[in-house]
Amino acid sequence: MDEKDQEATFLYKADPERGRIWAQVFAQEAPEIDFRVWPDIGDPARVAYLAAWEPPDDIAERFPNLRVLFSTGAGIDQFDLDALPAEVPLVRMVEPGIIDGMIEYVVFSVLALHRDMPAYRRQQACEHWQPIQVRTAASRRVGVLGLGSLGQAVLARLKLFGFDCAGWARSPRTIEGVRTFSGTDGLASFLGGTDVLVCLLPLTDETRGMLCARLFDALPRGASLVHVGRGQHLRDVDLLAALDAGQIGEAFLDVTDPEPLPPGHALWRHPRVWLTPHIASMTQPESAARVVLDNLHRHRDGEPLLGLVDRGKGY
Ligand code: NDP
Ligand code: OXD
């Protein structure tokens, strides 16, 4: 790194087991950095870099010499952007392990929905044998909300199965083989041509509560939902009503609000809901530590940081 790093602490505050692997990578690649795993913070004045999933309170006061703040996940909604010093860059995690995990989860979910697996699970539970006509992938329209590092990677893989793919983002973009839509104006057309909706949006003031009755009503009747964004995107009461009315056919939910759901919550036992405990994708420690080290080099060299959060946009 640079001579200042001889004095610098990199503090890691997330799953300690994965932290041990980060520590090994740092010991090999950047032994001059004093790598520590929370709660072993050492001298707080030496903490120049912090990587956190759940951030500590009062970051600015606690660590007055912080230079870069890293999220150990792709999302950064756990950070209070207003409480972070303006001069400290916040960097979200863009690393191959998270991307590969998300591709696996979304491809699994879309294929399961495409091939009617939830219906066959219900048939099996009541010893019923009733084939459902198999549709071609080309006739199944899969739409992804969010065309960031994860949305685009997921679409690239879904295209290989021959699905009719579409995506929606804030700004217009062109992706080969994907029908793209943008902004509020493009949302209704996007939703109207989507049989399986995948949510891969970040949680911001604009996207909170977006998966609501109005959005469900804009989908073709019987469309399905794969929700891998954040629990607060979804109005669960609206989803339950849309499922019960047949407007939504099936829902795969990896994220909920709160996590976990309280005992007895209707989503736990709904026959058309498939729940997983926020495991769609996980940061892989070795590749994540290498990506962070690369960003430390970029920071030293004055190059743009990969995954830098735009505070104005909130993601
Ligand atoms: P990115 O920041 O790379 O991409 C975000 C995308 O969302 C961009 O395409 C952006 O549009 C779009 N977007 C944001 N706000 C709006 C809006 N108001 N209207 C329309 N489009 C909008 O994020 P990632 O792809 O890395 O991650 C996405 C999210 O996935 C994370 O924030 C997290 O919530 C979730 N996640 C969930 C995991 C799980 O295990 N369940 C694991 C990892 C991530 P534009 O391109 O125009 O800027
Ligand atoms: C993430 C997550 O944001 O795991 O990385 O949800």
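Each ligand, and each atom within it, is numbered from 1 in the order the structure gives.
- Below 4.0 Å from some heavy atom of Gly75 lie the following atoms of ligand 2, by number and element: 1 (C), 3 (O).
- Within 4.0 Å of ligand 1, the residues that place a heavy atom are Ala74, Gly75, Arg92, Met102, Gly146, Leu147, Gly148, Ser149, Leu150, Trp168, Ala169, Arg170, Ser171, Arg173, Leu200, Leu201, Pro202, Glu206, Thr207, Val228, Gly229, Arg230, Asp254, Val255, His278, Ala280, Ser281, Tyr315, listed by chain and number.
- No donor-acceptor pair under 3.5 Å is formed between the side chain of Asp34 and the backbone N or O of Thr9.
- With Gln28 contributing its side chain and Val25 its backbone, the two residues share no donor-acceptor pair below 3.5 Å.
- Checking side-chain atoms of Asp195 against main-chain N and O of Ala223 turns up no donor-acceptor pair under 3.5 Å.
- In terms of protein heavy atoms, atom 1 (C) of ligand 2 is closest to Ala74 N, 3.3 Å.
- Put simply, part of Arg230 is less than 4.0 Å from ligand 2, judged by heavy atoms.
- Note on ring orientation: taking the six-membered ring where Trp is involved, the planes of Phe163 and Phe161 are tilted (angle from 30° to 60°).
- Around the CD atom of Glu17, the shell of radius 6.0 Å holds no more than 12 heavy atoms that belong to other residues, nucleotides or ligands.
- Near Ser281, with a cut-off below 4.0 Å to any heavy atom, the atoms of ligand 2 are 4 (O).
- Between the Arg62 side chain and the Asp57 main chain, a donor and an acceptor come within less than 3.5 Å of each other.
- Contact annotation: His278 has at least one heavy atom less than 4.0 Å from an atom of ligand 2.
- When atom types are taken as modelled, the side chain of Thr136 and the backbone of Ser139 share a donor-acceptor pair closer than 3.5 angstrom.
- A donor-acceptor pair under 3.5 Å links the side-chain atoms of Asp254 to the main chain of Ala280, judged by distance alone.
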